[in-house]
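Worksheet for the structure shown next.
Just so you know, these numbers come straight off a predicted model, no measurement behind them. Both backbone and side-chain heavy atoms feed into the values below; hydrogens, waters and symmetry mates do not.
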Amino acid sequence: MKRILLGLALALAATAAHAQVASGDYIAEHGWGALKVRNGGFEILAVGANGHTCSLDGKLKGMTATLDDGGDICRIDFRAGGGGYHVTLATPETCRNYCGARAYFEGLYLKPAPGCSDAERAATQKTFKAAYVAKHYAKAAPLLARQLAACVRTLSPMETASIRNDLAIAQYHLGQKADCLKTLQPLAANAAKTDEQLKEDFPPSDWDEYAPLIKAARTNLALCRG
């Protein structure tokens with residue numbers, strides 16, 4: 001029995017030693033960052049509050065990366081799970097050197113669902129806009145409805161709000177007012193607040209991005225309630 005347990009332990013250790021982060025493109029849960037893995041190397045770009053960013057790249061050794069910033073060592077650990085990789089910091093203080101004050105890059109990076117990569121989302125939204133401008137609302141609305149459902153884990157709050165507005169106005173033109181209101185429901189509470197109230201919850205550059213989205217939501221809610 002001892003030999004069996006020892007053999008099992010050695011096999012598990014060997015498996016762990018040879019584990020690698022799979023090549024590919026990953027999106028942080030809720031869309032705030034991106035991880036690219038290629039040829040034993042990685043890149044991370046993450047965006048935090050008020051436009052602050054993290055930017056780093058380096059080589060992977062198994063499931064670990066070690067970056068040397070002038071003698072300050074940043075060690076990053078990768079662990080498979082949750083549909084992608086959990087990125088954790090073994091040396092949080094030194095790893096902060098790669099980020100602005102309001103940004104971070106630790107978290108869960110997911111393999112995008114089909115149709116949810118950056119290029120695929122952009123292509124779908126382009127097709128939607130062409131159909132919408134041509135007043136082919138019955139073709140346009142399902143495109144964004146599917147995208148919203150499929151990509152929910154990797155969409156950023158700002159992109160989600162934009163998609164909800166575009167989908168809602170297409171539903172309005174189809175006479176689907178109940179569906180329009182359902183689509184906009186997650187934005188309704190903020191839409192009921194004044195700009196002055198909302199500004200307290202957002203850093204300046206984030207508010208600049210959010211302000212036109214919530215303005216559109218107010219307009220669309222009024223249309224679909226009418």
Worksheet item: Taking the six-membered ring for Trp, are Phe42 and Phe78 ring centroids under 6.0 Å apart?
Response: yes
Discussion item. Holding to salt bridge (Lys or Arg N to Asp or Glu O under 4.0 Å), I want the full list of residues that pass it with Asp68, two or more places apart in sequence or in another chain.
Written reply: none
Worksheet entry | Partner set under side-chain hydrogen bond (donor to acceptor under 3.5 Å, both in side chains) for Asp208, not counting sequence neighbours | none
Discussion item. Determine whether a donor-acceptor pair (N or O, by modelled atom type, separation under 3.5 Å) exists between the side chain of Asn190 and the backbone of Ile214.
Written reply: no
Practice prompt. Could you pull out all residues at least two apart from Ser23 that satisfy side-chain hydrogen bond (donor to acceptor under 3.5 Å, both in side chains)?
Written response: none
Worksheet item: Considering all heavy atoms of both residues, which atom of Leu174 and which atom of Ala141 are nearest to each other, and what is their separation?
Response: CD1-CB, 4.0 Å
Fill in: Residues Cys74, Tyr98; criterion side-chain contact (heavy atoms from CB on, under 4.5 Å); working and verdict
CA-CA 9 Å; Cys74 167; Tyr98 296 89; 3.8 Å; yes
Item to complete: Write down the atom of Ile163, the atom of Leu144, and the distance for their closest heavy-atom approach.
Response: O-CD1, 3.9 Å
Fill in: Partner residues of Arg121 under the side chain to side chain contact (heavy atoms under 4.5 Å, CB included) criterion, sequence neighbours left out
Ile27, Asp118, Gln125, Gln147, Cys151, Leu155, Glu159
Worksheet entry | Partners meeting salt bridge (Lys or Arg N to Asp or Glu O under 4.0 Å) with Arg218 (sequence neighbours left out) | Asp195
Worksheet item: What heavy-atom pair brings Ala191 and Leu221 nearest, and what distance separates the two atoms?
Response: CB-CD1, 3.7 Å
Worksheet entry | Polar side-chain atom of Asn220 near backbone of Ala168 as donor-acceptor pair, under 3.5 Å | no
Practice prompt. Could you verify whether a donor N or O on one side chain and an acceptor N or O on the other, from Thr154 and Glu29, lie under 3.5 Å apart?
Written response: no
Show which side-chain atoms of residues 196-204 pair as donor or acceptor with protein atoms under 3.5 Å away, not counting sequence neighbours.
| unit_1 | atom_1 | unit_2 | atom_2 | d |
| --- | --- | --- | --- | --- |
| Gln197 | OE1 | Thr194 | N | 2.9 |
| Gln197 | OE1 | Thr194 | OG1 | 3.4 |

For residues 104-117, please give each side-chain donor-acceptor pair under 3.5 Å, one per line with the distance, not counting sequence neighbours.
| unit_1 | atom_1 | unit_2 | atom_2 | d |
| --- | --- | --- | --- | --- |
| Tyr109 | OH | Phe105 | O | 2.6 |
| Ser117 | OG | Glu120 | N | 3.2 |
| Ser117 | OG | Glu120 | OE1 | 3.0 |

Worksheet entry | Inter- and intrachain pairs under disulfide (SG to SG under 2.5 Å), touching residues 184-226, at least two apart | Cys180-Cys224
Donor-acceptor contacts, no H, no angles, side chain residues 51-63, under 3.5 Å, sequence neighbours left out:
| unit_1 | atom_1 | unit_2 | atom_2 | d |
| --- | --- | --- | --- | --- |
| His52 | ND1 | Ala101 | N | 3.3 |
| His52 | ND1 | Arg102 | N | 3.0 |

Discussion item. Quick test of your reading of the model: are Glu43 and Lys36 salt-bridged, counting only N-O distances below 4.0 Å?
Written reply: no
Show me the donor-acceptor pairs within less than 3.5 Å that the side chains of residues 79-91 make with the rest of the protein, sequence neighbours left out.
| unit_1 | atom_1 | unit_2 | atom_2 | d |
| --- | --- | --- | --- | --- |
| Tyr85 | OH | Ala22 | N | 2.9 |
| Thr91 | OG1 | Ile73 | O | 3.3 |
| Thr91 | OG1 | Arg75 | N | 2.8 |
| Thr91 | OG1 | Thr94 | OG1 | 3.1 |

Item to complete: Could you give me the CA-CA distance, side-chain angles and deciding distance for Leu184 and Asn165, then say whether side-chain contact (heavy atoms from CB on, under 4.5 Å) is met?
Response: CA-CA 7 Å; Leu184 293 172; Asn165 273 316; 3.7 Å; yes
Item to complete: Mind jotting down which residue pairs meet the salt bridge (charged side-chain N to carboxylate O under 4.0 Å, His left out) criterion with at least one end in residues 135-151? Sequence neighbours excluded, please.
Response: none
Worksheet, complete the sentence: With sequence neighbours left out, the residues meeting salt bridge (Lys or Arg N to Asp or Glu O under 4.0 Å) with Asp25 are Arg38
Worksheet entry | Side-chain donor-acceptor contact under 3.5 Å, Tyr172 with Asp179 | no
